[in-house]
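Read through the structure below, which is laid out as structure tokens, and then see the notes.
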Amino acid sequence: MRTVSLIGILCLTAGCYNYNPLTTPSPEPGTYVAVTLTDPGSENLARSLGPNAFVLRGRYLGDSDQGMLLSVSSVETKRGIAQPWEGETVTVPADAVASMDVRRLAKGRSILLAGIGAGGLVVTTVAFSLLGGGTAPNVCPKQPCIPNKQ
């Protein structure tokens, strides 16, 4: 039963996500976002992000006087190379932002992933006869069986 519960939890946490354009003026703090930088913004932030930064991914923390606060989890360069970060906070000026997308759960693909996982579990269980379809062990290999009395 624990195995089935664990697999169910893993399927839910390993869901598929899409990035959709932001539909509100500002996302809720804690929302996972992808911020695409302008060329001048990339140049201005090169000192803190590294050269050729193009897309910042991380959690939106809020706004400050200098711009948007972002807890960065990765920086993608213009060449498409993603560099992992450890959640360092970066201030992104408003004029450095070309676009901002919000990460949302892709329900259809996540359900498909969960279905494939559950189907794989069923196939594996049947294939290895883990449902208890075996025979009872022979406790008395020699006939007649005389219980041991003490």
Side-chain angles (χ1 to χ4, degrees), residues 1-139 141:
M1 185 66 177
R2 273 192 277 175
T3 304
V4 173
S5 298
L6 180 63
I7 289 173
I9 290 170
L10 287 175
C11 286
L12 290 175
T13 58
C16 300
Y17 294 91
N18 288 332
Y19 284 95
N20 301 319
L22 183 64
T23 57
T24 60
S26 178
E28 291 289 320
T31 303
Y32 198 83
V33 297
V35 177
T36 303
L37 300 174
T38 61
D39 286 336
S42 177
E43 291 174 20
N44 292 340
L45 292 169
R47 184 170 228 174
S48 56
L49 299 173
N52 299 317
F54 183 58
V55 179
L56 309 177
R57 289 185 175 83
R59 298 227 178 255
Y60 173 77
L61 300 176
D63 292 322
S64 71
D65 295 338
Q66 291 82 28
M68 168 184 15
L69 298 173
L70 191 65
S71 173
V72 180
S73 61
S74 71
V75 175
E76 184 178 325
T77 65
K78 292 177 182 177
R79 291 184 169 185
I81 300 168
Q83 301 165 340
W85 278 45
E86 299 292 325
E88 294 89 351
T89 301
V90 173
T91 302
V92 182
D95 62 351
V97 178
S99 67
M100 183 166 30
D101 297 322
V102 179
R103 187 175 81 165
R104 301 214 189 278
L105 183 66
K107 293 177 186 173
R109 284 192 283 166
S110 296
I111 290 170
L112 179 64
L113 177 66
I116 290 171
L121 175 65
V122 169
V123 169
T124 303
T125 302
V126 170
F128 289 103
S129 300
L130 298 176
L131 295 175
T135 59
N138 189 0
V139 291

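These figures come from a predicted structure and were not determined experimentally. We number each residue from 1, following the sequence as shown.
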(request) State, with a plain yes or no, whether a side-chain heavy atom of T77 is found less than 4.5 Å away from one of Q83. (result) yes
Show me the side-chain donor-acceptor pairs of residues 85-98 shorter than 3.5 Å, one per line, residues at least two apart or across chains.
| from | atom 1 | to | atom 2 | distance (Å) |
| --- | --- | --- | --- | --- |
| E88 | OE1 | E86 | N | 3.0 |

I'd like to check the side chain to side chain donor-acceptor pair (under 3.5 Å) partners of [X]; sequence neighbours left out, ordered by chain and number.
| X | result |
| --- | --- |
| S73 | Y32 |
| D39 | K78 |
| D63 | Y60 |

(message) Can you give me the closest heavy-atom contact between G30 and R59, atom names plus distance?
(response) O-NH1, 2.8 Å
(message) I need the minimum non-hydrogen distance between N52 and S42, along with the two atoms involved.
(response) C-OG, 3.8 Å
(message) I need the F54 CZ to T36 OG1 distance, nearest 0.5 Å.
(response) 5.5 Å
(request) Please identify each residue that fulfils side-chain contact (heavy atoms from CB on, under 4.5 Å) with S74, with sequence neighbours left out. (result) R57
(request) Could you pull out all residues at least two apart from P40 that satisfy side-chain contact (heavy atoms from CB on, under 4.5 Å)? (result) T38
